[in-house]
Number of protein chains: 2
Amino acid sequence: MARTAGSHSEVTGPRVRAAALRLFAQSGYAAVSMRSIAAEVGVQVGALYNYTPDKQSLLFDLMRSHLEDLLARAGTGEGDAADRLAGFVSFHIRYHHDRQDAVFIAYMELRNLSEANFQVIEGLRRRYEDLLEEILAAGVAEGSFGIADTRIATRAVIAMLTGVSTWFRESGRLTLSDVETQYRKMVLNAVRV
Amino acid sequence: MARTAGSHSEVTGPRVRAAALRLFAQSGYAAVSMRSIAAEVGVQVGALYNYTPDKQSLLFDLMRSHLEDLLARAGTGEGDAADRLAGFVSFHIRYHHDRQDAVFIAYMELRNLSEANFQVIEGLRRRYEDLLEEILAAGVAEGSFGIADTRIATRAVIAMLTGVSTWFRESGRLTLSDVETQYRKMVLNAVRV
DNA sequence: TTTGTTTCTGAACGGGCGTTCTTTTATTCT
DNA sequence: AGAATAAAAGAACGCCCGTTCAGAAACAAA
């Protein structure tokens with residue numbers, strides 16, 4: 001038996017990526033076998049190679065598309081630096097909350113990338129950090145922020161925000177909106193003069 | 001040939017753990033084989049099982065001893081809440097900087113623990129977080145801190161601080177002391193009224 | 001209905017995995 | 001010196017890995 005009724009490339013391709021995303025996030029890249037991805041899709045392992053040249057590309061493509069989408073959606077914001085920073089905080093928390101698997105992978109599986117692929121991903125991540133750093137620098141120029149080194153502050157803020165997706169649960173004590181409000185306040189306080 | 005001249009259990013045991021620590025941090029638990037650990041120690045793979053019942057225990061013991069040492073060294077601090085918080089920030093940054101491999105493992109390899117082992121590690125981590133939360137709660141009681149939810153603030157601060165060890169390099173632009181100073185200021189600002 | 005193409009199966013490849021076990025050697029004790 | 005013990009070597013166990021490939025089944029075009 002080969003080729004189950006009704007199946008097409010346009011359906012299976014995304015399902016392969018979705019299964020890989022879920023399993024990589026759950027167990028880690030190295031612990032997930034191509035066979036387990038195939039099983040999740042409901043296909044034999046050989047069929048996966050119609051959709052990816054190899055396992056490494058599967059990981060890389062997931063990371064790259066996540067970061068490219070992140071960059072495409074992250075605007076530079078409007079208003080003064082404080083407004084723009086508040087907007088960035090809300091955007092980051094909400095965007096990452098909606099894509100916990102992709103976030104997890106993008107932060108945890110960097111060491112499983114080949115050197116060339118790592119450079120690409122690192123470049124994208126750096127571009128995202130630059131969006132925040134530009135806001136912080138504008139605030140310093142305005143005189144409304146009082147941070148000594150904008151690069152450090154950028155990393156501190158991003159680490160703080162990204163941490164949310166490691167513990168926040170919809171079923172928990174607080175709504176995402178509560179969390180967002182408190183983080184906005186903490187971040188704005190952290191960088192003020 | 002068996003048993004190289006001059007070797008003893010008290011020497012090899014720690015070397016096994018050190019090799020595992022380094023390799024787990026470098027490549028991830030799942031990607032490191034018992035054979036590669038043995039090679040790093042300079043021994044055949046079978047000899048490792050004189051020092052650990054299995055690979056999982058090796059990971060668990062590394063995490064547990066790291067967290068137990070962390071708890072043993074983290075004091076509750078002295079003075080008012082702001083002083084104690086500043087002390088916590090400095091301690092966390094310095095302690096984690098001195099043990100980057102252990103920190104990395106303790107945060108990245110949680111999902112490779114068995115359920116029972118995970119509960120133990122999670123309990124230890126929680127006790128460490130409680131040290132910080134108690135300081136924050138004291139500050140709120142004093143009226144010097146203005147955070148709505150101490151649990152959220154605890155996680156935010158720890159995520160921020162732990163992030164340092166992912167990017168800080170001795171060879172970089174800033175000294176650890178510079179970083180420490182700026183983080184102390186950012187954290188104290190973040191929680192103030 | 002035939003032909004061609006796409007998508008999948010199923011088997012196979014060489015190799016690495018964690019772990020166990022027997023045997024050999026270095027050291028310590030008597 | 002000889003016996004006992006500790007520590008390591010080396011081989012073997014069954015199993016799973018990523019990847020390849022020939023062939024079969026479903027679909028599309030004629």
Side-chain angles (χ1 to χ4, degrees), chain A residues 1-24 26-63 105 109 111-114 116-117, chain B residues 1-24 26-63 105 109 111-114 116-117:
Chain A
M1 170 179 56
R3 201 176 183 193
T4 322
S7 64
H8 297 92
S9 178
E10 312 91 65
V11 171
T12 311
R15 288 191 49 192
V16 168
R17 286 186 289 277
L21 183 70
R22 205 187 69 78
L23 291 173
F24 287 164
Q26 183 179 76
S27 312
Y29 174 78
V32 172
S33 68
M34 293 299 273
R35 280 169 181 79
S36 68
I37 296 173
E40 174 111 344
V41 175
V43 107
Q44 294 300 312
V45 62
L48 297 183
Y49 290 84
N50 291 320
Y51 304 101
T52 181
D54 48 39
K55 191 185 175 189
Q56 163 80 199
S57 302
L58 208 41
L59 175 63
F60 175 62
D61 289 343
L62 288 172
M63 287 196 185
I105 290 175
E109 303 295 355
R111 63 186 167 192
N112 286 307
L113 290 174
S114 68
N117 286 346
Chain B
M1 168 180 58
R3 200 174 185 194
T4 322
S7 63
H8 296 92
S9 177
E10 311 92 64
V11 171
T12 311
R15 286 191 50 195
V16 169
R17 285 186 289 278
L21 183 71
R22 205 186 69 77
L23 291 174
F24 287 165
Q26 183 179 76
S27 312
Y29 173 78
V32 172
S33 68
M34 293 299 273
R35 281 167 181 82
S36 67
I37 296 173
E40 173 111 345
V41 175
V43 105
Q44 293 301 310
V45 62
L48 297 183
Y49 290 84
N50 291 318
Y51 304 100
T52 181
D54 48 39
K55 191 186 174 189
Q56 164 79 200
S57 302
L58 207 41
L59 175 63
F60 175 61
D61 289 344
L62 288 172
M63 286 197 186
I105 289 174
E109 303 294 354
R111 62 186 165 191
N112 286 307
L113 291 174
S114 67
N117 286 346

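Just so it is clear, the values below take in all heavy atoms, side chains as well, and ignore hydrogens, waters and symmetry mates. Not measured: the values here are computed from a predicted model. So you know, we letter chains A, B, ... as the sequences are listed, proteins then strands, and number each from 1.
The nearest whole Å value for the distance from the CE atom in A:Met34 to the P atom in C:dC13 is 21 Å. A:Asn112 places its CG atom 12 Å from the P atom of D:dG18, with the value rounded to the nearest Å. The distance from atom CD of B:Gln56 to atom P of C:dT19 is 9 Å, rounded to the nearest whole Å. Per the geometry, CG belonging to A:Leu58 stands 10 Å off P belonging to D:dT19, to the nearest Å. When the C1' atom of C:dA12 is taken as reference, atom OH of A:Tyr49 falls 14 Å away, rounded to whole Å. The distance between atom CG of A:Leu48 and atom C1' of C:dT7, rounded to the nearest whole Å, is 13 Å. The nearest whole Å value for the distance from the CG atom in B:Asn50 to the C1' atom in D:dA7 is 6 Å.
A:Val32 comes within 4.0 angstrom of sugar-phosphate atoms only, judged by non-hydrogen atoms across all strands, and of no base.
Of the possible donor and acceptor atoms, one in the side chain of A:Glu109 sits under 3.5 Å from a partner among the backbone N and O of A:Tyr29. A distance-only check finds a donor-acceptor pair linking the side chain of B:Gln56 to the backbone of B:Asn112 [under 3.5 Å].
Side-chain N/O atoms of A:Thr12 include one lying less than 4.0 angstrom from OP1 or OP2 on C:dC8. Put simply, B:Ser33 has no side-chain N or O that comes within less than 4.0 Å of OP1 or OP2 on C:dG16. Phosphate contact (OP1/OP2 of D:dA8, side-chain N/O of B:Tyr51, threshold under 4.0 Å): present.
Within 3.5 Å, a donor on the side chain of A:Arg35 pairs with an acceptor on the base of D:dG18, or the reverse.
Distance from the side chain of B:Lys55 is smallest for C:dT19 among the nucleotides C:dT7, D:dA7, C:dT19. The side chain of A:Gln44 approaches C:dG10 more closely than any other nucleotide in the set C:dG10, D:dT19, C:dT19. For A:Val45, counting side-chain heavy atoms from C-beta on, the closest listed nucleotide (D:dT19, C:dC8, C:dT19) is D:dT19.
Between A:Tyr51 and A:Arg17, the closest side-chain pair of non-hydrogen atoms is not below 4.5 Å.
Note on residues 26-36 of chain A: no pairs pass salt bridge (charged side-chain N to carboxylate O under 4.0 Å, His left out), not counting sequence neighbours.
Mapped onto DNA chain D by nearest heavy atom, A:Ser36 and B:Gly46 fall at different nucleotides, with B:Gly46 at the one closer to the 5' end.
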Start with the C-alpha distance between A:Lys55 and A:Leu59, add both sets of side-chain angles, then the distance that settles side-chain contact (heavy atoms from CB on, under 4.5 Å), and finish with yes or no. CA-CA 7 Å; A:Lys55 191 185 175 189; A:Leu59 175 63; over 6 Å; no
